[in-house]
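Worksheet: the structure to be examined is printed underneath.
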Amino acid sequence: MAFSPSAPSPSTTQPQSQPLLPHKLDTIRSMDELKQIQAAILKTPSLQSPPVLAKILSFRALSSPQHIAHARSLLAHIDNPSLLLYNTVFRSLSRSTRSSVSASIMLYEDMLQKDLRPDSFTFPYLLKLFANSRALQAGEALHAAAIKTGLHANVYVRNNLMSLYAVCGKVRAVQKLFDGFPERDLVSWTTLISGYTKAGLAKEAVKVFEEMTSEKNLRADGVAMVAVLSACAELGDLELGRNLHRYIGAREVDMDVFVGNALVDMYSKCGDVDSAHQLFNKMPVRNVVSWNSIISGLVDNREFKQALELFRRMQGEGIEPDAFTLVGMLNSCASLGALELGQWVHAYISKNGVEADGITGNALVDMYAKCGRIDRAMEVFGRMAHKDVVTYTSMIVGLAMHGRGEEALELFAVMSSAGVKPNEVTFVGVLSACSHAGLVDVGLRHFESMSAAHGLAPQIEHYGCVVDMLGRAGRLDEAQDLISSMPMEPDAFVWGSLLGACRNHGDVALGETAAKRLLDVEPQEEGAYVLMSNLYAAGNRRSDGLRMRKAMRANKVRKTPGCSLIEIDGVIHEFRKGEELHPQAKEVYAMVDEFARRLHIDSPPDEARHHSERLAVALGLIGTRPGTPLRIVKNLRVCRDCHSVIKSVSRLYNREIVLRDRYRFHRFKDGRCSCNEFW
DNA sequence: TTAGGGTTAG
């Protein structure tokens with residue numbers, strides 16, 4: 001307003017300032033203002049030019065049904081509106097992802113009423129609008145109309161039809177349209193490729209790309225590259241991905257930010273997170289999607305600390321995180337057990353008006369559950385308006401992980417009565433709830449109901465859960481029978497569960513079988529050797545135990561490097577064996593020394609060789625802050641030495657220590673974990 | 001005035 005101190009207030013802005021109207025249109029702030037300007041325009045036919053009307057009609061709020069109705073009445077008052085004007089309205093509606101389909105159809109019918117016939121622009125706009133809402137039926141009706149007018153042969157109309165069928169997952173219809181006419185351009189090929197990817201047929205998508213580039217000798221552009229890279233990411237085929245990357249260089253495909261992002265995503269999904277990171281660092285232009293791609297890539301590849309560092313760097317560069325970023329961060333926090341950072345993300349979400357619903361809400365529930373705050377997880381869950389299968393599943397898995405099996409099963413019942421259909425992952429939660437609650441027969445019934453009542457084929461994870469459940473209950477014969485009835489090769493988890501059960505129940509003979517099979521699938525892991533030598537020791541077969549240890553050395557089995565993570569004042573610190581190599585570990589040691597100085601401990605343990613000694617000191621010193629339970633979180637597995645340290649620190653300092661493993665939380669009090677398992 | 005592209009949850 002500083003530039004026009006004498007400008008009238010909106011309520012006095014009147015039609016008399018006609019020459020200013022088009023300019024005024026750029027600053028419309030409310031529907032009231034818009035209505036005033038409309039009234040002015042309706043009175044003055046000379047102002048009814050397509051650009052002016054188009055501006056009014058593309059006011060962003062016009063995409064809601066009421067406002068499209070408003071546009072209809074405006075058009076009804078104009079003498080002989082042109083097809084161009086209708087097309088302009090459809091264009092602006094097609095640019096919003098929230099335009100009402102039914103209101104748009106009415107507008108289209110008005111147009112027909114006025115004896116205006118759709119042309120090769122009308123159909124693409126409307127088809128795009130329908131595609132945005134996945135309105136398949138409306139799209140099919142329009143397809144029929146296009147055939148009637150003969151415009152279905154137009155390449156723009158056809159490509160838009162293909163695109164609509166593609167987003168609706170109707171890849172056969174896409175292929176049919178592609179095959180139906182000889183005239184195809186790069187857009188047709190690209191739409192077909194992405195149609196296959198969207199339908200989960202990534203191999204087909206790659207085949208189409210190969211046919212296009214080698215047989216038809218068409219040169220791919222950036223958009224086509226993005227489409228095929230996304231198929232390649234889906235396949236996780238690194239070799240193919242590298243070839244595609246080389247193609248971009250060899251054929252001089254323009255490397256825009258989309259292509260860069262797709263490459264980053266492809267490399268992370270194919271497991272080559274280093275290449276992804278290098279590429280990201282070299283990108284001349286990055287947007288928020290670039291950051292999201294590398295962050296989620298690092299999270300997927302379990303590089304959580306690097307993901308957090310990138311998030312900080314992103315903020316340092318002033319890039320605003322969006323919902324994708326926040327979900328990526330929440331996943332990272334969940335895996336790290338980084339509760340404080342997770343809470344910070346939650347606060348950020350609330351402060352910035354991001355809805356804690358949908359995927360964001362689901363990620364919050366999961367984060368709180370995995371960070372040991374099942375109460376907060378339930379709070380977020382309770383407030384969510386749209387609970388889908390993932391929401392329920394996250395909560396069920398979370399409850400099971402916290403040893404609250406009965407509640408998990410109750411929630412499963414609630415979910416069913418709410419009409420939300422369970423999927424395979426839900427059953428992993430349900431079965432592990434039964435396993436931890438010791439409800440073996442209930443679990444077996446659920447397992448049977450998977451295929452019988454829900455049409456879900458049990459996967460290897462489900463067999464693993466049931467073997468584990470039977471094993472814990474000492475029903476080793478049934479566990480063994482189930483394994484022999486499996487339609488797929490049992491994996492390490494299945495054999496490991498059986499072996500663990502044999503150790504707990506002292507069945508040496510079956511344990512030997514299980515250990516043999518475990519070594520077949522996982523020869524380089526220490527688990528089978530260690531469990532088996534424990535089993536021999538318990539059965540007073542020391543010489544056999546020794547034999548296992550020797551075999552382990554002979555086979556050059558590397559002990560799994562222990563990796564412990566601890567959150568201290570919201571900062572995650574990593575402890576690994578061979579700690580001198582880890583700068584993070586050094587930071588912690590420096591902090592420990594500082595604590596020691598403050599507490600006048602004479603000899604900070606510089607000389608301590610093994611990191612567990614340092615950890616003990618760290619825990620002990622941190623434990624001197626009264627009233628704070630110690631939170632230990634872990635990544636891969638807490639090494640054996642850390643176990644004993646945790647136990648003894650808990651006893652020594654009489655502190656509660658919470659430790660998370662892959663399956664549940666352990667609360668150590670006075671050196672003992674209440675669940676009495678695993679450790 | 002027209003078409004095809006990248007990142008998120010259990």
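Every chain is numbered from 1 and lettered A, B, ... according to where its sequence line falls, protein lines coming before strand lines.
A side-chain donor-acceptor contact under 3.5 Å links A:Thr122 and A:Asp119. Side chains of A:Ser268 and A:Asp265: a donor-acceptor N/O pair is absent below 3.5 angstrom, by distance only. Side-chain contact, A:Glu303 with A:His277: no donor N or O sits under 3.5 Å from an acceptor N or O.
Within residues 428-435 of chain A, no residue has a heavy atom under 4.0 Å from DNA chain B. Of all the residues in residues 158-177 of chain A, A:Asn159, A:Asn160, A:Ser163 reach under 4.0 Å from DNA chain B with at least one non-hydrogen atom.
Residue contacts shown for A:Leu186 include a base, since a base heavy atom lies under 4.0 Å away. Across all strands, A:Asp265 comes closer than 4.0 Å only to sugar-phosphate atoms, never to a base (heavy-atom distances). Residue contacts for A:Thr393: at a heavy-atom cut-off of 4.0 Å it reaches a base atom on one of the strands shown. Within 4.0 Å of A:Val365, counting heavy atoms only, lies no atom of the nucleic acid at all.
The number of heavy atoms from other shown groups lying within 6.0 Å of CG (A:Asp179) is above 12.
Atom CG of A:Asn301 is separated from atom P of B:dT8 by 12 Å (rounded to the nearest Å).
When the salt bridge (charged side-chain N to carboxylate O under 4.0 Å, His left out) test is applied to A:Glu234, no partner is found at least two apart in sequence or on another chain.
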